[in-house]
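Here is the naming used below: chain letters follow the sequence lines, and residue numbers restart at 1 for every chain. None of the values given here were measured: they were computed from a predicted structure.
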Amino acid sequence: MTPADLADAIVAAIGRAVADGDLDVTVPTTVTVERPKTPGHGDYASPVALQLAKAARRPPRAVAEVLAGRLVTERGIVGVDIAGPGFLNFTLAGDALGEIARTVVRAGEGYGQAAKPRDVRVNLEFVSANPTGPVTLASARWAAVGDALGRILTAAGYSVGTEYYVNDAGVQIERFGASVLAAAAGRKIPAEGYHGAYVAEIAAAVLAGRPELLDLPDDEARAVASAEGLALMLTEIRSTLEGFGVHFDRWASEQTLHTAGALTKAIDDLRTQGHVYDADGAVWLRTTDFGDDKDRPLVKSDGQPTYFCADAAYYRDKRGRGFDQLVYLLGADHHGYVARLKAISACFGDDPASNLDVIIGQLVTLSRGGTPVKMSKRAGTFLTLHDLVDAVGVDAARYSLVRSSLDSPVDLDLDLVTRQSSDNPVFYVQYAHARISSLLRNAEALGLPGASETADVALLTHPREVDLLRGLGEFPRVIEAAATLRGPHRVARYLEELAGVYHRFYDACRVLPQGDEQAGPLTGARLLLVAATRVVLSNGLGLLGVSAPERM
RNA sequence: GCCCCAGUAGCUCAGUGGAUAGAGCGACCGCCUCCUAAGCGGUAGGCCGCAGGUCCGAUUCCUGCCUGGGGCACCA
């Protein structure tokens, strides 16, 4: 019996109590079940009686008694105690907890995933950095978090499409093209252009492919430099991200929206919905109808569409491709967009509360020896994702970017990031996995079955074994919470916790026979438990895009 | 001025209204004849920013204030 099973049983018990007239409340769809921190409070506890007491107009302990009587007969539950103001403390049958190990090993890679798919198509857009330079550390966080979130949402049963929006139109692209051309011609790069060393490399590559570049008329040369430079830059961005284990289902081009007339269609659509007006020679969207500070221009008085207009067109494009919920993962420097995106959603007639979810993550800051270092693509002063991966590897990089809450800024100290790699908690988790792998290899060498289906799990009664079983049982709920709350860091924190529980188990409980001992039933049960732990560590690390090594 | 985020152990940070608030790092003291010591045990370290409010119950929710970070455009 997992905690999720127990929660279901409690809901059912409330339902029966209401049907019998013993309780007068609306039956909740889900109830809180938690692992008591203190020993002596059973295997699991629920404060549900306290929560229902008010609605039921009965003292909490009376509600608890009504429920306890109906739950004590439940299969797998051997004891229900009422404690304190009305907590329900559950003691599970010895084998009910142990069965978790068998469940995990049977499910294998599928353990932790939602039992049935949800009928929700989620579009997840992240990174979407301007393709005018390499992927920076600022974007690296969104790459690691967004990719992990995509995997977690998929595991939680959502149908997910990941997307990178390529801003391949507009002024920045023109400046980038001008910079590439200047570098190719050996001229000084314009002040408002891009000054990173990579511009010269791109220029050399463009020149190699188009030797006639410098002989073309200036306009044409700039267009070629833009287009070819952009293509090279995008290839590099893609390969950096793929090398980081981050895959996008779609690379959406802004330019394509322009050429396909999507912006015009979006404006027409919004006009039909009644939220567009003309003023001062410009075309405006009345976003103030939906909580924005001021109305936003769709088309400037010079006839050029705004970036905001492209955003609206892109929103409409995604919805038109069948996505129910559009998730945007943005940095805190873009938080001003939230109100605008909500307004776009509402202006199209959608419900921003269900069709849109803008996640704001705090920024990554760089420092060296405690002194802040500025990141700027235009000035060319930044550390790239590529550099970070070279320095610490994909696993440590991804893990350290994903283990913090999005509400919390991440500071990477360039002096520490390379040196501290061995302090990274990712090794603590990976080490647990490697230790298990080694143990299972030794078991195999001894001719012992790795994870016997017939193991007597009722023998797993040592406190460290019980802790481990409880920890394994949490995994599905961790995925669920990480998906619902959009918090991939929860998976990382859970894995650290689980690894700690395993290390303590390993220290206290000998698994393999030593000397001339014979393998007994307990050996088989512990091997099953250990194998189950490896499954969860491996699945969890997989959700974060971090490898689960067999050896370290 | 308005908006967003944060303030929890020396440092970095977890904590979906529940019982005695946790982890890692750092400090100190211990543990390898044995399945990987990248591990384990122990000690020290807390007005959970401040003040009100809601609640049987608040680190968690609400209001105000203080401090720190970020953001305001017919830029992209």
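Scanning atom types as modelled, no donor and acceptor separated by under 3.5 angstrom connect the side chain of A/H335 and the base of B/rG71.
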- line: Each base of RNA chain B marked ( ) or [ ] if paired in-strand (Watson-Crick or G-U under 3.5 Å), | if paired to another strand and . if unpaired gives (((((((..((((....[...)))).(((((.......))))).....(((((..]....))))))))))))....
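Residue A/K294 places at least one side-chain N or O closer than 4.0 Å to OP1 or OP2 of B/rA73.
Taking every side-chain heavy atom of A/K300 into account, B/rC74 is the closest of B/rU16, B/rG70, B/rC74.
Counting any heavy atom pair closer than 4.0 Å across all strands shown, A/G84 reaches no nucleic acid atom. At the heavy-atom level, A/A332 lies under 4.0 Å from the strands shown only through sugar-phosphate atoms. Within 4.0 Å of A/R340, counting heavy atoms only, lie sugar-phosphate atoms of the nucleic acid but no base atom. Nucleic acid contact for A/A45: base, since at least one base atom lies under 4.0 Å from a heavy atom of the residue.
Residues of residues 487-507 of chain A having a heavy atom closer than 4.0 Å to RNA chain B, listed by number: A/H489, A/R490, A/R493, A/H503, A/R504, A/Y506, A/D507.
The salt bridge (Lys or Arg N to Asp or Glu O under 4.0 Å) analysis of residues 490-515 of chain A, with sequence neighbours excluded, yields the pairs A/R403-A/E496.
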Sub-3.5 Å pairs of nitrogen or oxygen atoms, protein against nucleotides 8-10 of chain B:
none

Every protein N/O within reach of nucleotides 54-57 of chain B N/O, cut-off under 3.5 Å:
residue : atom : partner : partner atom : Å
B/rC56  : N4   : A/L50   : O            : 3.4

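Rounded to whole Å, the distance from CG on A/N89 to P on B/rU20 is 13 Å.
Heavy atoms from other residues, nucleotides or ligands lying under 6.0 Å from CD of A/E550 number more than 12.
A/D278 is linked by a side chain to side chain donor-acceptor pair (under 3.5 Å) to A/R271, counting only residues two or more places apart in sequence or in another chain.
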